[in-house]
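Residue numbering restarts at 1 for every chain, and letters A, B, ... go by the order of the sequence lines.
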Amino acid sequence: MPTPAILHVDMDAFFASVAQLDHPELAGKPVIVGGHSTQRGVVASASYEARAHGVHSAMPIAQAIALCPHAICVPVAMGRYRQVNRQVRQIWDRFAPVVEPAGLDEAYLDITGTEALLGPPKKVESDLRAAILAETNLSASVGGGTSKLVAKMASRACKPAGVLWIEPGTERQWLQGHDVALMPGIGPVTQKRLRAMGVNTIGDLAGFPTDILASRFGVHGVELQAAACGRDTRAVTPAGLAKSISAEETFDADSSDRDFLHRRMLDLSCEVGYRLRQAGLVAATITAKVRLGRGFETIERSVTLPAATQDDDTICRAAWDRVISAWDRSDAVRLLGVRASNLRPSLQLSLFDPAGGPAGQESRPVDGIPRSLPAGLNEVLDAVRERFGYEAITRGALLKEPRRQSISGD
DNA sequence: TCTGGGGTCCTAGGACCC
DNA sequence: TCTGGGGTCCTAGGACCC
């Protein structure tokens, strides 16, 4: 067995860097990517110029502005990031036979056994960074080592615009001085429990009695400890089909207005339906999410449908039905969301197949093959969006409010 | 000045079937 | 009249990731 060589490539301040790329006047300036609403929301991404003032991801926007009053706030544009992601993925794919994306801005690359072809790992790291910069004008950092954990921690340690290769055999020593909070898989909850046990560094975790970790944290604890010792055997696996597609929206102000909430749910459902059809997927399970203004309480209710769907109205009906079952109308609603899961390929030949027409909803199977419904409203909307973008057209029922944030590429 | 949006994985109980 | 054990699916919630 050859010694594993795994790289972790991580785009630097991805959303903020894309904003600076698309709007050259923002280059070199503190940029905060958040929502339209400066009242509610957190920082999704901050440029390094903004980070110099103490701004970081997940910080409330208002707090970020207080730290960096001259920062420029731009809205999140998921569609645009997905577009750039597709471009960057093509570069990643050239450098490794197996690539596992982890979100839009990072990926693991298994380059084991490619040394004869691509050169030593350190050179691959530099070449990959250079290729991304040359072809996209975006900066990335690349870390590497014998496992996913070491690769990821290395890319984090060399940010921004760095490369770092941890030599095989030195990983345990390199890891041990780091704080446990820096270890992927240890969030706020686990961190607090570990500190209460006197575990503060990765070295502490590596040396802690395994049986105690097992009794308190179960399998997860044992795996974390193995990783802390440099024993992380998780394989780099290529992305399969998506497991879920979701959309959610936090309102500028909490609302108990049933008509308003229903219209928002329809808009969210349309977005999820559109993305299902784009991906050629149907969903059997629909989950509605309701967050109350009171106490930030979050409720989820799901239903598995008799037939999988990619139809906007079917998704909306299922989701709204679940909202009604969970929502006490005396509570003002802060957020609504809808998620499609239990996904499978829709088996349609093409979105615009003139013969069968695209599938709206799986209906009764004929000879075991789901039959497509004839083209309807969804397909008319999709066809317009295909040419002019998602924002180009919307339902009359949704015209009462301004459109929510863009999912399109512009 | 409270707390976005889009994901994955895990646990645990109950239904249901064999 | 009392009550097995395994497997799978569904639902709700939680931790964690970027």
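Checking B/dT3, C/dC10, B/dT1 against the side-chain heavy atoms of A/Gln63 singles out B/dT1 as nearest. Of the candidate nucleotides B/dG6, C/dC18, C/dG13, C/dG13 has the atom lying nearest to any side-chain atom of A/Ile299. You'll find that the side chain of A/Thr250 is closest to B/dG4, out of B/dG4, B/dG6, B/dT8. Closest approach to the A/Arg40 side chain among B/dT3, C/dG13, C/dC10 is made by B/dT3 (side chain taken as heavy atoms from C-beta onward). Of the candidates B/dG6, B/dC9, B/dG5, the closest approach to any side-chain atom of A/Ser246 belongs to B/dG6. For A/Ala62, counting side-chain heavy atoms from C-beta on, the closest listed nucleotide (B/dG6, B/dT8, B/dT1) is B/dT1. Candidate nucleotides C/dC10, B/dG6, B/dT3 were compared by shortest atom distance to the side chain of A/Arg82, and B/dG6 ranks first. Here the side chain of A/Ser302 is nearest to one of C/dT11, B/dG4, C/dA15, namely C/dT11. Nearest to the side-chain atoms of A/Thr285 among the listed nucleotides C/dT11, C/dC16, B/dG6 stands C/dT11. Out of B/dG4, B/dG5, B/dT8, the shortest distance to the side chain of A/Arg334 is found at B/dG4.
At the heavy-atom level, A/Gly187 lies under 4.0 Å from the strands shown only through sugar-phosphate atoms. If you check every strand for non-hydrogen atoms under 4.0 Å, A/Ile186 touches sugar and phosphate atoms only. Among the protein residues, A/Asn342 comes within range of the sugar-phosphate backbone only, with heavy atoms under 4.0 Å from sugar or phosphate atoms but none that close to a base. Base engagement by A/Val42 is indicated by at least one non-hydrogen atom pair under 4.0 Å involving a base atom. A/Arg193 comes within 4.0 angstrom of nothing in the nucleic acid, heavy atoms only. Residue A/Val43 is out of contact with every strand shown, counting any heavy-atom pair closer than 4.0 Å. Nucleic acid contact class of A/Met11 (heavy atoms, under 4.0 Å, all strands): none.
Rounded to whole Å, the distance from CZ on A/Arg291 to C1' on B/dG6 is 13 Å. Between A/Lys152 atom NZ and C/dC18 atom C1' there is a gap of 7 Å when expressed in whole angstrom units. Note: CD (A/Gln191) to P (C/dC16) measures 9 Å, nearest angstrom. Atom-to-atom, OH of A/Tyr108 to P of C/dC18 comes out at 8 Å; the value is rounded to the nearest Å. With rounding to whole Å, A/Met78 atom CE is found 15 Å from C/dC18 atom P. Put simply, CG on A/Leu241 is 15 Å from C1' on B/dT8, counting in whole angstrom units. Between the C1' atom of B/dG6 and the CG atom of A/Asn85 lies a distance of 13 Å, rounded to the nearest Å. Here the C1' atom of nucleotide C/dC17 and the CZ atom of A/Phe15 are 12 Å apart, to the nearest Å.
The 12-atom threshold is not exceeded at CZ of A/Arg216, counting heavy atoms of other residues, nucleotides or ligands nearer than 6.0 Å. Counted within 6.0 Å of CD on A/Gln90, heavy atoms from surrounding residues, nucleotides or ligands total 12 or fewer; the atom is thus considered open. Annotation: A/Glu135, atom CD; neighbour count of heavy atoms from other residues, nucleotides and ligands within 6.0 Å is above 12.
The shortest distance between the side-chain N/O atoms of A/Arg301 and the OP1/OP2 oxygens of C/dG13 is below 4.0 Å. Here A/Thr190 does not reach the OP1 or OP2 of C/dA15: none of its side-chain N or O atoms lies under 4.0 Å away. Between A/Ser45 and C/dC18 there is no side-chain N or O to OP1 or OP2 distance below 4.0 Å.
C/dC17 sits 22 Å from B/dT3 when the P atoms are compared, rounded to a whole Å.
By the 4.0 Å N-to-carboxylate-O rule, A/Arg234 lies too far from A/Glu223 to be salt-bridged with it.
Taking the syn range as angles within 90° of 0, the glycosidic angle of C/dC2 is outside it, so the base is anti.
In this structure, A/Arg334 is not positioned above the aromatic face of A/Phe296 in the sense of NZ or CZ being under 6.0 Å from the six-membered ring centre and within 45° of the axis. Both tests do not hold together for A/Arg264 against A/Phe251: distance to the six-membered ring centre under 6.0 Å, angle to the ring axis within 45°. Stacking of A/Arg51 on the aromatic ring of A/Tyr48 is recorded, both the 6.0 Å distance cut-off and the 45° axial limit being met.
Comparing A/Ser57 and A/Ser244, the nucleotide of DNA chain B nearest to each residue sits closer to the 5' end for A/Ser57.
Across all strands shown, the partner of B/dC18 is C/dG5, judged by Watson-Crick or G-U wobble contacts whose two distances both fall under 3.5 Å.
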